[in-house]
Amino acid sequence: MSSFLYQRPIHNPLSDPYPISPRSSSNSQKSYSIFSPTTLLVLLSLMVVMGVFFPWVGMRESLFSVTKPSISKWRDYTLAQAVSFVAQNGTVIVCAVSQPYLPFLNNWLISITRQKHQDKVLVIAEDYATLYKVNERWPGHAVLVPPALDSQTAHKFGSQGFFNFTSRRPRHLLHILELGYNVMYNDVDMVWLADPFPYLEGKHDVYFTDDMTAVKPLNHSHDLPPPGKKGRTYICSCMIFLRPTSGAKLVMKKWIEEMKDQPWSRAKKANDQPAFNWALDKLANKVDLYLLPQAAFPTGGLYFKNKTWVQETKGMHVIIHNNYILGFEKKIKRFHDYGLWLVDDHALESPLGRI
C-alpha cells in the first residue's frame, strides 16, 4: 500500500532537441570536414548547451513536476484502500468535510496531533477540492466516496444539501465496520483537550454522547437516557465510536432506514440526528450501548453556557463540541473567546500546515 500511495510519475528524460538531420546529402558531407573550424564550433556549442541548460531543465522538472501527486490516483483511491493505509491497531478516526470547513478540519487536526492520534485520521472528502488539497499536503489521508457533493450547499444547516451531506455518514461508517475496523467519527467543529480512547471502556457496540444541556451527576448511568418530549432520546450523532460487531452494524443499517423514512422536505428540514436517535431507541434491547461521561464529552450548550459547571468539572474535559450555535464566523469567534481556535498561531502543528 505504501508504495502505491507514494508512487511518483516516472520522469522521461528530454530527447535531444538537435538531432542529426536525416536530410544530409553527399554534397554537405563534402562541404564540411569533421575537423573543420565550423564543425568544431558547432560541437562545442552543443556541449555547452547539453552540459548547462539541460541539467537545469531536468532539475526543474524534478522540483515542480515529479513531486506533485497524481490527481487521477486520488480519484481512484477507494475507501477500503484509505482505511487500510491509515488504521492503527485496527482503529481509524473519521471525519467528513466539504471545502468550506477546511479551517475547522485544520483546527481539529491540531488538537488530535497534540494527543498523538493524527496518523489514524481519515478525511472523507465530500468534494474534489478537499480531496486534492488534503492529499497534496498529507498523501493518503483523504478519500472521496462518489458522487461528490456541492460544497457550497452541503454546509448550510437545515438545507437539503446539508441533509444529503449528513445522510451519507452511516453508509461510510457501515462500510468501515464491514471491513473489520473500529471507527471513531467526529464532526470537525470539535477540539480534543485530552485523549478520548481511555474512556472507551469495555467492549460495547456503540459509544455516544448526550446532546442535552441538563447537568448530570458525575457518576451518571452509561445506559441510553430515557426519551424526551418528542418521544425519542437526544443523543448527539457527531461523536460516535463503533466496534465492528453485528450490533454496531445493525444500528448503522437502522439509521439508514430511518433517514429513508424521514426524507428532507421544505416543510420538514430533517437532518441525520433524529434518525440516529430513533435507531438507538428501537434497538436499545438488542444492542450493547454506552453513554460516555458528560463531564468528559459535554455538549456545546453546556460547556459554553454554564460557567459554574465548567469550573466544577475543570480538568475533566476531553472533547469539546462547538454546537448549539450556527454560522462559521460565530463558531470561530466562540472558539477564539475560549482559547480553542488554534489555527492562527499553531497551524504548523497540523499535518496540513497552513491552508
- Item | Sub-6.0 Å ring centroid separation between Y185 and H172 | no
- Item | Spatial distance of atom OG1 (T213) from atom CZ (F304) [nearest 0.5 Å] | 14.0 Å
- Message: Is it the case that over 12 heavy atoms from other parts of the model lie below 6.0 angstrom from the CG atom of N285?
- Response: no
- All heavy atoms of A295 vs all of H317, minimum pair found to be O-CD2, 3.2 Å
- Are F208 and L224 side-chain neighbours, meaning at least one heavy-atom pair lies under 4.5 Å? yes
- Task: May I ask you to decide if the ring planes of H336 and W341 are parallel, tilted or perpendicular, using 30° and 60° as cut-offs?
- Result: tilted
- Message: What verdict does the side chain to side chain contact (heavy atoms under 4.5 Å, CB included) test give for V145 and R171, after you've listed the backbone C-alpha separation in whole Å, the side-chain angles of each residue and the deciding distance to 0.1 Å?
- Response: CA-CA 10 Å; V145 181; R171 297 182 184 277; over 6 Å; no
- Task: Give, for atom OH of Y303 and atom OG1 of T313, the distance between the pair rounded to the nearest 0.5 Å.
- Result: 8.5 Å
- So do the side chains of Q99 and E126 get within less than 4.5 Å of each other, counting heavy atoms only? no
- Do H141 side-chain atoms and V121 backbone N/O form a donor-acceptor pair below 3.5 Å? yes
- Item | Side-chain (N107) to main-chain (L340) donor-acceptor, under 3.5 angstrom | yes
- Of all heavy-atom pairs between P139 and F85, which one has the smallest distance, and what is that distance? O-CE2, 3.6 Å
- Query: According to the interplanar angle, ranging from 0 to 90°, do the rings of Y207 and Y290 count as parallel (below 30°), tilted (30 to 60°) or perpendicular (above 60°)?
  - Reply: tilted
- Task: May I ask you to decide whether D187 forms a salt bridge with R169, counting only side-chain N to carboxylate O separations under 4.0 Å?
- Result: yes
- Look at the rings of Y77 and W74 and say which category their plane angle falls in: under 30° parallel, 30 to 60° tilted, over 60° perpendicular. perpendicular
- Task: With sequence neighbours left out, write down each residue that passes salt bridge (Lys or Arg N to Asp or Glu O under 4.0 Å) with K282, or none if nothing qualifies.
- Result: E258
- Atom CD of E329 with >12 non-hydrogen neighbours under 6.0 angstrom: no
- Message: Under a 3.5 Å distance rule, please check whether D205 uses its side chain to pair with a backbone N or O of D288 as donor and acceptor.
- Response: yes
- Are any non-hydrogen side-chain atoms of R114 and L342 less than 4.5 angstrom apart? yes
- Task: Decide whether I256 and I124 are clustered together by the hydrophobic rule: side chain heavy atoms of Ile, Leu, Val, Met, Phe, Trp, Tyr closer than 4.5 Å, transitively.
- Result: yes
- Task: Indicate yes or no for a side-chain donor-acceptor contact from N135 to the backbone of A142 under 3.5 Å, with no hydrogens or angles considered.
- Result: yes
- Query: Do V191 and M316 sit in the same hydrophobic cluster, where Ile, Leu, Val, Met, Phe, Trp and Tyr count as joined when their side-chain heavy atoms come under 4.5 Å apart?
  - Reply: no
- Message: Less than 4.5 Å apart, side chain to side chain, heavy atoms only: is that true for L122 and L79?
- Response: yes
- Indicate yes or no for a side-chain donor-acceptor contact from T113 to the backbone of L109 under 3.5 Å, with no hydrogens or angles considered. yes
- Indicate if W278 and M259 have the same hydrophobic cluster label, given that clusters are the connected sets of ILVMFWY residues with side-chain heavy-atom separations under 4.5 angstrom. no
- Message: Tell me whether the count of non-hydrogen atoms from other residues, nucleotides or ligands lying under 6.0 Å of CZ in R137 goes above 12.
- Response: yes
- Taking the side chain as every heavy atom from C-beta outward, state whether F276 and V251 have any pair of such atoms under 4.5 Å apart. yes
- Ring-face cation contact, F197 with K120, 6.0 Å cut, 45° max: yes
- Message: Within this structure, what is the OG-NZ distance for the pair S246 and K253, rounded to the nearest 0.5 Å?
- Response: 9.0 Å
- Query: Does any non-hydrogen side-chain atom of W255 lie less than 4.5 Å from one of S237?
  - Reply: yes
- Message: Keeping D127 on the side-chain end and S98 on the backbone end, is there a donor-acceptor pair under 3.5 Å?
- Response: no
- Item | Co-members of Y234 in a cluster of I, L, V, M, F, W and Y side chains, linked at under 4.5 Å | M212, Y324
- Task: Quick one: closest heavy-atom pair of L144 and L131, and the distance?
- Result: N-CD1, 3.6 Å
- Hey, are the side chains of F297 and P196 touching, using non-hydrogen atoms and a 4.5 Å cut-off? yes
- Is there a donor-acceptor contact under 3.5 Å from the side chain of T233 to the main chain of I235? no
- Item | Partner of D210 under side chain to side chain donor-acceptor pair (under 3.5 Å), chosen from Q294, K216, H220 | K216
- Could you tell me which non-hydrogen atom of I112 sits nearest to which non-hydrogen atom of Q118, and how far apart they are? CG2-N, 3.6 Å
- Query: With distance as the sole test, does T78 use its side chain to make a donor-acceptor pair with the main-chain N or O of Q81 at under 3.5 Å?
  - Reply: yes
- Look at the side chain of H222 and the backbone N and O of L291, then say whether any donor-acceptor pair between them is shorter than 3.5 Å. yes
- Query: If you measure from CE on M190 to CZ on F335, what distance do you get to the nearest 0.5 Å?
  - Reply: 9.0 Å
- Minimum side-chain heavy-atom gap N323-D211 below 4.5 Å: yes
- Query: What heavy-atom pair brings I110 and H346 nearest, and what distance separates the two atoms?
  - Reply: CD1-O, 3.3 Å
- Task: Write down the atom of I320, the atom of P298, and the distance for their closest heavy-atom approach.
- Result: CD1-CG, 3.9 Å
- Message: Rounded at 0.5 Å granularity, tell me how far NE2 in H321 sits from CG in N186.
- Response: 8.5 Å
- Item | N-O pairing of K254 and E257 below 4.0 Å | yes
- Item | Same apolar cluster (I L V M F W Y, side chains within < 4.5 Å links), I355/L105 | yes
- Message: Between Y338 and F104, is there shared hydrophobic-cluster membership here, with clusters defined by ILVMFWY side-chain heavy atoms closer than 4.5 Å?
- Response: yes
- Separation between CG of L250 and CG of L283, rounded to the nearest 0.5 Å: 4.5 Å
- For Q273, does its backbone N or O pair with a side-chain atom of N277 as donor and acceptor, under 3.5 Å? yes
